[in-house]
Structure formats: C-alpha cells, structure tokens
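Values below: every heavy atom of this structure, side chains too, minus hydrogens, waters and symmetry copies.
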Amino acid sequence: MKKATEVKYPNSANLFQFCRRVLDHKFGGIRVIDQDVGQILGFDPADCSHWKKGKKNIRSIQAMKSIAEHLGVDERLVVDVASGDLDETEAFYEFSGYGAFALDGKVIEAAKKDFYRRHAGTWTKDRENEFREFFNVNEPTIDRIVEAIHARINFQEAPLYLPEIVAAHPEVALSPAAPEGVRSPKDNPAPVSVSRKGAHTTINYAVGTEMRPYMRYRLAKAMATHFLAANPAFPSFQDAAGDQSEFAAHLADVQGNLFAAKLLAPAHLVRKEINNVNVAKDIVAQLSEIFWVSKTFMNRRLRDILSSSATI
C-alpha cells in the first residue's frame, strides 16, 4: 500500500485554501480556479500547484502584504493562517465576521412600509404599540437573561465555560457529531444546528471544534435560540424552524449576536480586565486570550463597550 505523501508546509496549504475561500465569497457564482489564487502572488501554474499542495512555504512579509491587499482582509489574519495560529476554516469565519449587532436601517425601512401596508385599514392605538414593539431589539431584557445565567453558574471570572451553563440547565444539551452530520446553510464555515422538542433544546456541532474561539461564539449564539425563545419579548425566536420575514430573521440575528457577546464577554468583566492588561502590548489580543474569544470578536466587543461608556 502506497504511503500518503506528507505535506511539507501544511500552513501554506491552509493559506492557499483560505485565499480560495475568500475569492469564492467575493466572486459569488463565478468559478474560482487554482490559478486565480496563484495570481495573487504572480505564480506560474507550477508554483501555484506547489503552494496548493504545501510544497512551497509562503512566509515572507511581502507575500503576507500582497495577499492581504489583494483579498481586502486584515494582514494579521493572513499572518495567523501562515503561522498556523488559525486554520483556513476559522480564518474564513473571522473574515466573514459575526453578523450585525444593530438593526440595519434599510431592512427597518422596508419592514415599516410592509407593516403600514398590511394594517393601513385597521390602524388603532393598539396597532401603534404593536408597531413600536415589533421593531424593539429589547436589549435590556437580553441583559437580564444573561445576568441570570451568569448568576446561576456564579460566573465572576473569565473565561466562561459553556458546559457549565449546560450543567446548570439540563434542558439544554450540546451534542458533538461528525462534521458531515451537522446540517448548516451553504458557505457556513462553522456548522451548528439547533433542534427543539418541547422545552428541550439540542445544539449539534462538529466534534473537535468546541475548543476554538469561533465555535464557542457559534455555540453561545445557538443558546439564544433556547433562552430567548422562552421569553415573550422575543417573538422572532418562538418558532425558530418556521418561515420568517426578512426583518424578523434580521432581528433574531441581531438579538442572537447580542446575547452571545454579552454571555461570553460581559461589559463589567471586560472593563475590569482592561485595567489589568499590559498597555504596551496589543490590548485586543490580550483580552481575546483572557475571554477565550477571537481577536475579531473582541475588537468589535471592545469598541461597543467603550462607545457605550462614552455616552453615559
């Protein structure tokens, strides 16, 4: 039996796949071929093939800069893949971001027009109140739900361990499965699915990924499907499997992101840790390690916390 050829530079092979994934995302339906990736660094077909197969080490500063500029991504993200700190799946998730943490004005405007159109002939004071509530993110309620979860597990020091939440709430289960056994939307680099039966919620995810920061975020967001659905203030979560309007789906996504952000990195603990980090070094990187989250997420979370503090 022929022995499989060992990849000499696996991080470079991962970098090639990351570049291809980003190009696929940017080009949409246009087919991306290997040479499209190779052209980023001006490679001929032979060098491109060597890069793809991990036979060519891509580590120079100039190469990192060229890749970042061509793809339009943060250079640190490219360096993290090239150094092996991130694999191509996690890096793509960092590139594609964590979704919206506030309502999109265009989606709101379209939803308002639709709401008025459907209720134009039956407009009352109660309908006005319904209208206002329909567009309410209910962030204070999310805060209270998250605080109750933290209190139940006596969470006072980062990082948060998600299995502790499951242990304290037996109606929620984390279920690892083989990657191909987890159904997820197209182009979802971090497959997670949620199934509900009565008051019980099961969160399925790809086995072996639960320790990674990006998957911790995905699992925390999936928990919103359980904890927010139990509260009447979040009608978009009442039937997670049912058909939703564009706005209802957008609202649920924003609420789920806020829930995950507050669950993993509560503002009071982030402010506390800011006072303990070495200001001469990368603050975001230090906080990411403390809270066991990605630098992309922590950068966003820190910005939101500091901006909210400035308006108080």
**Message:** Go through it in stages, so that I can follow the logic: the residues are Asp34 and Ser49, the test is side-chain contact (heavy atoms from CB on, under 4.5 Å), and I'd like the CA-CA distance, side-chain angles, deciding distance and then a yes or no.
**Reply:** CA-CA 8 Å; Asp34 291 350; Ser49 178; over 6 Å; no

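- Residues Phe16 and Leu71 fall within the same hydrophobic cluster, defined by Ile, Leu, Val, Met, Phe, Trp and Tyr side chains chained together at heavy-atom separations under 4.5 Å.
- Judged by distance alone, the side chain of His226 and the main-chain N or O of His200 form no donor-acceptor pair under 3.5 Å.
- Residues Val32 and Ile30 share a single hydrophobic cluster, defined by chaining ILVMFWY side chains whose heavy atoms lie under 4.5 Å apart.
- No hydrogens or angles considered: nothing links the side chains of Thr296 and Tyr93 as a donor-acceptor pair under 3.5 Å.
- Side-chain polar atoms of Glu273 and Asn275 form no donor-acceptor pair below 3.5 angstrom.
- Under the 4.5 Å side-chain heavy-atom criterion for ILVMFWY residues, no single connected hydrophobic cluster contains both Ile67 and Ile61.
- Asn57 is not listed as a side-chain neighbour of Lys8, based on a closest heavy-atom distance of 4.5 Å or more.
- Here the closest non-hydrogen pair linking Ala229 and Arg196 is CB-NH1, 3.4 Å.
- Residue pairs meeting the salt bridge (charged side-chain N to carboxylate O under 4.0 Å, His left out) criterion with at least one partner in residues 275-292, sequence neighbours excluded, are Arg76-Asp282.
- Taken from CD1 in Ile145 to CG in Leu228, the straight-line distance is 5.0 Å, to the nearest 0.5 Å.
- The side-chain hydrogen bond (donor to acceptor under 3.5 Å, both in side chains) test with Lys295 singles out one residue from Asp74, Asp85, Asp80, and that residue is Asp80.
- Between Arg301 and Phe291, the closest side-chain pair of non-hydrogen atoms is not below 4.5 Å.
- In this structure, CZ in Phe227 is found 5.5 Å from CZ in Phe259, a value given to the nearest 0.5 Å.
- Looking at every heavy atom in both residues, Met64 comes nearest to Ile58 through CE-O, 3.5 Å.
- Closest approach of Ile305 to Ala265, counting heavy atoms only: CD1-O, 4.4 Å.
- Of the possible polar contacts, one joining the Ser307 side chain to the Arg303 backbone as a donor-acceptor pair under 3.5 Å is found.
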**Verdict with reasoning, Leu15 to Asn11, per side-chain contact (heavy atoms from CB on, under 4.5 Å)** = CA-CA 6 Å; Leu15 182 59; Asn11 296 337; over 6 Å; no

**Item:** side-chain contact (heavy atoms from CB on, under 4.5 Å) between Ile33 and Arg31, intermediate numbers included
**Value:** CA-CA 6 Å; Ile33 62 176; Arg31 181 171 174 266; 3.2 Å; yes

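- With a 4.5 Å cut-off on side-chain heavy atoms, Leu251 and Phe234 do not count as touching.
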**Criterion salt bridge (charged side-chain N to carboxylate O under 4.0 Å, His left out) on Lys262 and Glu139, from CA distance to verdict** = CA-CA 10 Å; Lys262 295 170 184 289; Glu139 189 168 350; 2.9 Å; yes

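- Minimum interatomic distance between Glu94 and Phe297 (heavy atoms only, all atoms of both residues): OE1-N, 4.4 Å.
- Listed by first and then second residue, the ring-ring contact (aromatic ring centres under 6.0 Å, His included) pairs that reach into residues 136-159 are His150-Phe155, sequence neighbours excluded.
- Within the 4.5 Å cutoff, the side chain of Lys55 has no heavy atoms near those of the Tyr9 side chain.
- Side-chain contact check for Arg21 versus Thr89: some heavy-atom pair is nearer than 4.5 Å.
- Both cation-pi conditions hold for Lys56 and Phe43: the charged atom is under 6.0 angstrom from the six-membered ring centre and inside a 45 degree cone around its axis.
- Following chains of ILVMFWY side-chain contacts shorter than 4.5 Å, one cannot reach Tyr161 starting from Val146, and the two form parts of different hydrophobic clusters.
- In this structure, Arg117 pairs ionically with Asp114, as a charged nitrogen and a carboxylate oxygen lie closer than 4.0 Å.
- Between Val192 and Asn204, every side-chain heavy-atom pair lies at or beyond the 4.5 Å cut-off.
- A salt bridge is absent between Arg212 and Asp87; no separation between the charged side-chain nitrogens and carboxylate oxygens falls under 4.0 Å.
- The closest side-chain heavy-atom distance from Tyr98 to Tyr214 is below 4.5 Å.
- Between Trp292 and Arg216, the closest side-chain pair of non-hydrogen atoms falls below 4.5 Å.
- Heavy atoms only, all atoms of each residue included: Tyr217 and Ala260 are closest at CE1-CB, 3.7 Å.
- With values rounded to the nearest 0.5 angstrom, Ile290 atom CD1 is found 9.5 Å from Glu157 atom CD.
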**Message:** Set out, in order, the CA-CA distance, both residues' side-chain angles and the distance that settles side-chain contact (heavy atoms from CB on, under 4.5 Å) for Val78 and Val81, then state yes or no.
**Reply:** CA-CA 5 Å; Val78 177; Val81 180; 5.9 Å; no

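- Remark: Leu263 CG to Ile142 CD1 distance equals 11.5 Å, nearest 0.5 Å.
- Taking hydrophobic clusters as Ile, Leu, Val, Met, Phe, Trp and Tyr residues chained together by side-chain heavy-atom distances below 4.5 Å, Met223 shares a cluster with Leu160.
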**Request:** Dump the intermediate steps for side chain to side chain donor-acceptor pair (under 3.5 Å) on Gln255 and Asn257, then the final yes or no.
**Result:** CA-CA 5 Å; Gln255 291 169 331; Asn257 282 326; over 6 Å; no

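- The heavy-atom pair separating Ser294 from Ser288 by the smallest distance is O-OG, 3.5 Å.
- How far CG of Asn278 is from CD1 of Ile283: 9.0 Å, rounded to the nearest 0.5 Å.
- In this structure, the separation between OG on Ser12 and CD on Gln17 is 12.0 Å, given to the nearest 0.5 Å.
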